[in-house]
Amino acid sequence: MVTPDTSTEADPDLRPGEVPSHWYNVIADLVGYVPEERAPARQHSGPALRPQLPLSIYRQSVSREPFVAIPAEVQAQYERWRPTPLIRARGLEQRLRTPARIYYKYEGASLSGSHKLNTAIAQAYYYKQAGVEELVTATGAGQWGTALAMACTMFGLKCTAFMVKCSHDQKPQRRMLVELNGGRVIPSPSTATKAGAAILAGDPGCPGSLSIASSEAHEYATESENARYCAGSGDNHVLLHQTVIGQEALAQLREIGDYPDAVVGALGAGSNFAGIAMPFFRHSKLTGRATELVAVEPKACPKLTRGIYTWDHHDALGNTPMSRMYTLGHTFVPSAIHAGGLRYHGAAPVVSWMYHERLISAVAYGQKSVFDAAAEFVRAEQVIPAPESAHAIRYVIDRAVKAREAGTPETILFNLSGHGLMDLSAYEQWTAGLLDDYPAAEADIERAQAKLSARAVER
Ligand SMILES: *Cc1c(COP(=O)(O)O)cnc(C)c1O
């Protein structure tokens with residue numbers, strides 16, 4: 001099917017109860033963007049990495065078509081819980097006495113409890129088609145590991161997840177959730193791989209990071225014949241798969257007769273933000289209706305707001321190819337904040353490029369202020385957000401208060417990317433007054449910035 005480039009949406013008549021027939025590929029609308037990767041300058045350790053993507057996914061990741069058809073098998077799985085609800089946060093509006101209309105797309109309603117299942121199902125489907133038997137991955141807070149374990153079970157694949165150790169220790173129940181769904185969890189850094197063992201030798205108390213866990217997962221996948229590494233965020237195809245969120249939101253808002261002045265999402269590597277924001281990017285571009293796209297990140301891992309735009313690896317050892325992105329450096333180990341899903345050193349190449357071109361904006365918040373916002377949200381809406389999602393809520397509350405002060409009504413849409421029912425121990429710490437804005441992270445970030453600018457000078 002050839003879709004005319006001028007349609008604002010794949011399904012302009014999508015009804016609020018329906019699941020989109022296509023994913024939206026923002027690359028089609030980015031004039032001047034060149035997707036490319038550079039091979040690693042040198043192999044730091046371990047055997048040469050095999051290409052991990054099946055051709056079907058690789059084609060998606062380099063496609064320039066605006067709309068990519070969703071396979072019927074994937075759509076059938078989506079229909080088990082999609083479309084997710086679009087909810088007007090009236091309780092929050094009243095509590096803030098704001099003239100702003102606040103809506104959230106509730107991805108916490110997915111079977112896995114977060115948006116990550118949208119891409120997990122698509123990836124498991126394509127890998128299965130390609131004859132792969134096991135998927136190996138790195139997971140931070142465990143949301144991705146949970147989603148992938150579920151998707152692997154649906155399509156008859158094995159699943160192994162290297163889980164960042166500090167998150168593993170903060171949320172032991174996550175491990176149980178992955179295992180109940182047929183997956184296997186290895187806390188990272190581990191001695192199961194040479195990469196993990198090397199890091200532990202240098203720093204036995206290392207809390208782990210997503211880039212270390214992905215070094216381990218890559219090594220493990222390379223050494224087993226029928227296993228492949230797959231990523232939960234950052235890559236073009238992952239951003240693509242998440243766009244069901246924004247497309248549904250467009251249709252749901254159309255039904256209500258509203259349109260957002262701002263679309264907001266927390267940013268880990270960027271798929272959650274891109275998932276809700278990109279369909280609005282196209283719609284705004286083609287209709288001329290302005291909407292602000294805002295990514296929200298933690299102050300302890302501020303790649304967009306304080307990183308630099310350069311070539312960098314995705315894993316800690318520097319074995320993966322380099323992408324051009326906003327990064328704090330692939331060796332950066334962020335503080336052990338509770339929003340484990342936002343502890344990734346870089347932002348997706350597409351999101352980074354858009355930020356560089358000022359097509360999107362970004363803000364960062366400290367951990368305590370994020371939990372303050374989450375608690376206010378719970379009392380207003382009776383929905384417990386994941387700490388990651390609460391970053392978006394912090395921004396939305398601040399913006400809605402400004403709207404009150406300025407007396408300007410506006411419409412704000414945000415992605416409530418996951419529920420926080422597995423994060424109650426983090427809330428317990430907030431209640432006990434034990435959370436601060438992590439001032440200690442400041443020194444780490446300054447060190448990372450100094451290291452990056454020294455590297456830039458070397459070139
Ligand atoms: C992983 C995660 C995020 C961050 O997602 P990215 O797609 O990497 O930006 C946000 N919210 C929740 C609940 C998550 O699990």
Side-chain angles (χ1 to χ4, degrees), residues 52 57 71 73-82 84 106-130 132-188 190 192 208 210 213-214 216-217 220-221 224 226-233 238 241-242 244-245 268 271-272 340-341 384 386-389 417-426:
Q52 298 290 312
I57 295 187
E73 292 87 337
V74 174
Q75 223 176 358
Q77 293 292 345
Y78 283 172
E79 278 166 3
R80 295 173 62 197
W81 80 95
R82 305 207 69 87
T84 54
Y106 188 44
E107 288 297 306
S110 97
L111 301 176
S112 75
S114 82
H115 69 291
K116 294 217 169 61
L117 195 57
N118 299 327
T119 186
I121 283 175
Q123 293 193 50
Y125 167 79
Y126 289 116
Y127 278 101
K128 177 72 179 183
Q129 294 270 305
V132 170
E133 289 170 8
E134 177 180 5
L135 290 182
V136 186
T137 198
T139 186
Q143 295 271 24
W144 171 236
T146 306
L148 193 66
M150 286 184 175
C152 282
T153 302
M154 289 174 198
F155 290 100
L157 294 163
K158 285 201 287 186
C159 175
T160 297
F162 286 87
M163 183 170 177
V164 176
K165 196 184 274 165
C166 67
S167 293
H168 176 269
D169 297 346
Q170 278 164 352
K171 312 176 196 195
Q173 287 157 333
R174 268 283 166 206
R175 173 187 197 126
M176 186 45 53
L177 206 49
V178 174
E179 289 177 353
L180 272 175
N181 280 285
R184 187 160 64 108
V185 174
I186 304 175
S188 164
S190 76
L210 261 178
S214 42
E216 291 206 84
Y220 179 97
S224 27
N226 292 314
R228 291 290 182 279
Y229 173 85
C230 76
S233 187
V238 182
H241 299 154
Q242 292 296 353
V244 287
I245 303 172
S271 75
N272 153 65
I384 300 178
E388 291 85 358
S389 317
S417 47
H419 69 65
L421 292 173
M422 302 297 287
D423 302 278
L424 292 181
S425 62

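Nothing here was measured: the structure is a model prediction, and the numbers come from that model. Each residue takes its place number in the sequence, starting with 1.
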Note to self: Quick one: does any side-chain atom of Ser224 pair with a main-chain N or O of Ala227 as donor and acceptor, under 3.5 Å?
What the structure shows: no
Checklist line | Matching residue for Gln77 among Glu79, Glu73, Gln75, Arg80 - test: side-chain hydrogen bond (donor to acceptor under 3.5 Å, both in side chains) | finding: Arg80
Item checked: Side-chain donor/acceptor of Ser114 to backbone N/O of Lys116, under 3.5 Å -> yes
Margin query: side chain to side chain contact (heavy atoms under 4.5 Å, CB included), that's the test. Do Cys152 and Glu134 meet it? Break it down for me.
Written below: CA-CA 8 Å; Cys152 282; Glu134 177 180 5; over 6 Å; no
Check: Closest approach of Val178 and Gly145, non-hydrogen atoms and distance?
Finding: CG2-C, 3.8 Å
Item checked: Contact check, side chains of Ser188 and Lys165, non-hydrogen atoms, under 4.5 Å -> no
Next item on the list: Taking all heavy atoms of Leu135 and all of Ala124, pick out the closest pair and write down the distance.
Entry: CD1-CA, 4.1 Å
Next item on the list: List the steps and the verdict of side chain to side chain contact (heavy atoms under 4.5 Å, CB included) for Ser214 and Tyr229.
Entry: CA-CA 9 Å; Ser214 42; Tyr229 173 85; 3.4 Å; yes
Item checked: Contact list for residues 159-184, test ring pair (Phe, Tyr, Trp, His ring centres under 6.0 Å), sequence neighbours left out -> Phe162-Tyr220
Next item on the list: Check whether any side-chain heavy atom of Met150 sits under 4.5 Å from a side-chain heavy atom of Leu117, and report yes or no.
Entry: yes
Notebook entry, point to check: Do the side chains of Ile121 and Met154 get nearer than 4.5 Å, heavy atoms only?
Noted result: yes
Item checked: Exam field: side chain Glu216 to backbone Ser190, donor-acceptor pair closer than 3.5 Å -> yes
Item checked: Distance in Å, Thr146 OG1 paired with Leu111 CG, rounded so as to fall on 0.5 Å steps -> 12.0 Å
Check: With sequence neighbours excluded, what pairs up with Arg175 under the salt bridge (charged side-chain N to carboxylate O under 4.0 Å, His left out) test?
Finding: Glu179
Margin query: Set out, in order, the CA-CA distance, both residues' side-chain angles and the distance that settles side chain to side chain contact (heavy atoms under 4.5 Å, CB included) for Val164 and Cys166, then state yes or no.
Written below: CA-CA 6 Å; Val164 176; Cys166 67; 4.0 Å; yes
Check: Would you call the rings of Tyr126 and His241 parallel, tilted or perpendicular if under 30° counts as parallel and over 60° as perpendicular?
Finding: parallel
Next item on the list: Would you mind reporting whether Gln123 and Leu157 have side-chain heavy atoms less than 4.5 Å apart?
Entry: no
Next item on the list: Applying side chain to side chain contact (heavy atoms under 4.5 Å, CB included), run through Leu177 and Met422 and close with a yes or a no.
Entry: CA-CA 10 Å; Leu177 206 49; Met422 302 297 287; 3.9 Å; yes
Notebook entry, point to check: Looking only at heavy atoms, which two atoms of Ser271 and Gly232 are closest? And how far apart?
Noted result: OG-O, 4.0 Å
Notebook entry, point to check: About how many Å separate CD1 of Ile186 and OG1 of Thr139, when rounded to the nearest 0.5 Å?
Noted result: 13.0 Å
Check: When you measure from the side chain of Tyr78 to the backbone N and O of Asn118, does any donor-acceptor pair fall under 3.5 Å?
Finding: yes
